[in-house]
Amino acid sequence: MQIRRRLKKAYPDATTELNWRNPFELLIATILSAQTTDKKVNEVTPKLFGNFPDAHSLANADLKEVEEIVKPLGYFRQKAKTIVGAAKALAEKFDGEVPKSMSELIQLPGVGRKTASIVLGTAFGVQEGIAVDTHVQRVSQRLGLSKNKKPEKIEQDLMALVPRNEWSWFGHALTLHGRYVCVARKPQCSKCVIEAFCEKVGVSTVLSSHQIQK
DNA sequence: CTCCCGATAT
DNA sequence: ATATCAGGAG
């Protein structure tokens with residue numbers, strides 16, 4: 001696929017922009033990154049992991065203290081509850097270690113296929129899925145890589161298109177592309193290395209309707 | 001489907 | 001003013 005080759009050249013080392021030092025930190029940081037930028041998450045994790053460096057300490061954390069730390073991320077009550085709950089599950093069911101399989105990871109509170117794929121691929125090199133977040137969803141639809149809207153369906157379509165050993169990289173590449181070039185509101189098609197292969201699903205429609213009203 | 005949450009870009 | 005930001009649970 002041409003698209004994959006172009007992306008390879010543009011984003012050869014695509015990976016998460018979250019800061020992490022071990023699988024536990026990556027798991028918690030990825031849960032926290034829902035509906036927030038990685039940059040924001042990176043601003044709170046030094047204090048979070050300074051106070052709670054592992055699953056056992058976070059499992060026994062004071063909820064209010066965790067809420068205060070993650071407050072800048074939004075959804076702070078839910079996120080605090082979720083990461084403490086996930087830490088408790090890690091401590092009780094997995095001896096404080098992050099499990100290395102999709103089926104085990106998605107049992108943790110706050111962890112769906114997207115978060116699990118990130119952790120598996122990035123921390124363990126285990127490729128059981130492709131992380132489909134809002135960026136991957138949008139870029140895949142614009143490019144015409146998938147006609148589906150549901151993340152699970154998009155994931156299946158992408159997995160059929162890309163060799164398994166590149167699943168993790170491909171997800172990160174689409175995310176970076178979506179974050180910096182194929183952005184939601186005003187995609188910078190002139191800077192896009194795969195514009196020639198893009199069906200621009202929904203792109204020109206939005207622009208023209210906006211321009212007509214002007 | 002709604003809710004959780006608030007900063008930022010447009 | 002509104003859409004959006006590496007979603008997942010109820």
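Reckoned from all heavy atoms, side chains included, excluding hydrogens, waters and symmetry mates. The chains referred to below are lettered A, B, ... by the order of the sequence lines, with proteins before strands, and numbering in each begins at 1. Nothing here was measured: the structure is a model prediction, and the numbers come from that model.
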Notebook entry, point to check: If the P atom of B/dC4 is compared with that of C/dA1, how far apart are they to the nearest Å?
Noted result: 24 Å
Next item on the list: Determine the Euclidean distance between corresponding P atoms of C/dG8 and B/dA7; express it in Å to zero decimal places.
Entry: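 Between the two P atoms, the distance is 23 Å.
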What's the closest nucleotide to the side chain of [X] if the choices are [options]?
X: A/Gln35; options: C/dG7, B/dA7, C/dT4; result: C/dG7
X: A/Gln78; options: B/dG6, C/dG7, C/dC5; result: C/dG7
X: A/Asp133; options: C/dG7, C/dC5, B/dC5; result: C/dG7
X: A/Ala34; options: C/dG7, C/dC5, B/dC5; result: C/dG7

Check: Would you say C/dC5 has OP1 or OP2 under 4.0 Å from some side-chain N or O of A/Arg138?
Finding: yes
Checklist line | Distance below 4.0 Å between A/Thr115 side-chain N/O and C/dG7 OP1 or OP2 | finding: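 The answer is no; no side-chain N or O of A/Thr115 sits under 4.0 Å from OP1 or OP2.
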Round to the nearest Å and state the distance from [X] atom [atom1] to [N] atom [atom2].
X: A/Phe76; N: C/dG8; atom1: CZ; atom2: P; answer: 21 Å
X: A/Ile154; N: C/dG7; atom1: CD1; atom2: P; answer: 13 Å
X: A/Glu152; N: C/dG8; atom1: CD; atom2: P; answer: 11 Å
X: A/Leu32; N: B/dG6; atom1: CG; atom2: P; answer: 16 Å
X: A/Lys79; N: C/dG8; atom1: NZ; atom2: P; answer: 11 Å
X: A/Arg77; N: B/dC3; atom1: CZ; atom2: C1'; answer: 13 Å
X: A/Lys81; N: C/dG8; atom1: NZ; atom2: C1'; answer: 12 Å
X: A/Ile83; N: C/dA9; atom1: CD1; atom2: P; answer: 15 Å

Item checked: Crowding at CD, A/Glu97 (>12 non-hydrogen neighbours, <6.0 Å) ->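 Counting neighbours around CD of A/Glu97, 12 or fewer heavy atoms of other residues, nucleotides or ligands fall under 6.0 Å, so no.
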Checklist line | A/Lys8 atom NZ, neighbour heavy-atom count above 12 within 6.0 Å | finding: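 Counting neighbours around NZ of A/Lys8, more than 12 heavy atoms of other residues, nucleotides or ligands fall under 6.0 Å, so yes.
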Item checked: A/Gln127 side-chain N/O to A/Trp167 backbone N/O, donor-acceptor pair under 3.5 Å -> yes
Checklist line | A/Thr36 side chain to A/Leu73 backbone, donor-acceptor under 3.5 Å | finding: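 Side chain of A/Thr36 to backbone of A/Leu73, a donor-acceptor pair under 3.5 Å: yes, one is there.
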Check: With a non-hydrogen cut-off below 4.0 angstrom, is A/Ala131 in contact with a base, only sugar-phosphate, or nothing?
Finding: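 Since a base atom lies under 4.0 Å of A/Ala131, the category is base.
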Notebook entry, point to check: Touch check for A/Arg179, heavy atoms < 4.0 angstrom, all strands: base, sugar-phosphate only, or nothing?
Noted result: base
Next item on the list: Give a yes/no verdict on base stacking between B/dC4 and A/Tyr75: centres under 5.5 Å, planes within less than 30° of parallel.
Entry: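 Check passed, A/Tyr75 stacks on base of B/dC4.
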Next item on the list: For A/Asp38 and for A/Leu108, locate the closest nucleotide of DNA chain C by heavy-atom distance; then report the residue assigned to the nucleotide nearer the 5' terminus.
Entry: A/Asp38
Item checked: Residue whose closest nucleotide on DNA chain C lies nearer the 5' end, A/Ile106 versus A/Thr15 ->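 Closest to the 5' end, via its nearest nucleotide, is A/Thr15.
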Notebook entry, point to check: Between A/Glu128 and A/Arg164, is there a salt bridge with N-O shorter than 4.0 Å?
Noted result: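 Salt bridge flag = no for A/Glu128 with A/Arg164.
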Next item on the list: Run the salt-bridge test on A/Arg4 and A/Glu166 with the 4.0 Å N-O cut-off and return the result as yes or no.
Entry: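 A salt bridge is present here (some side-chain N lies under 4.0 Å from a carboxylate O).
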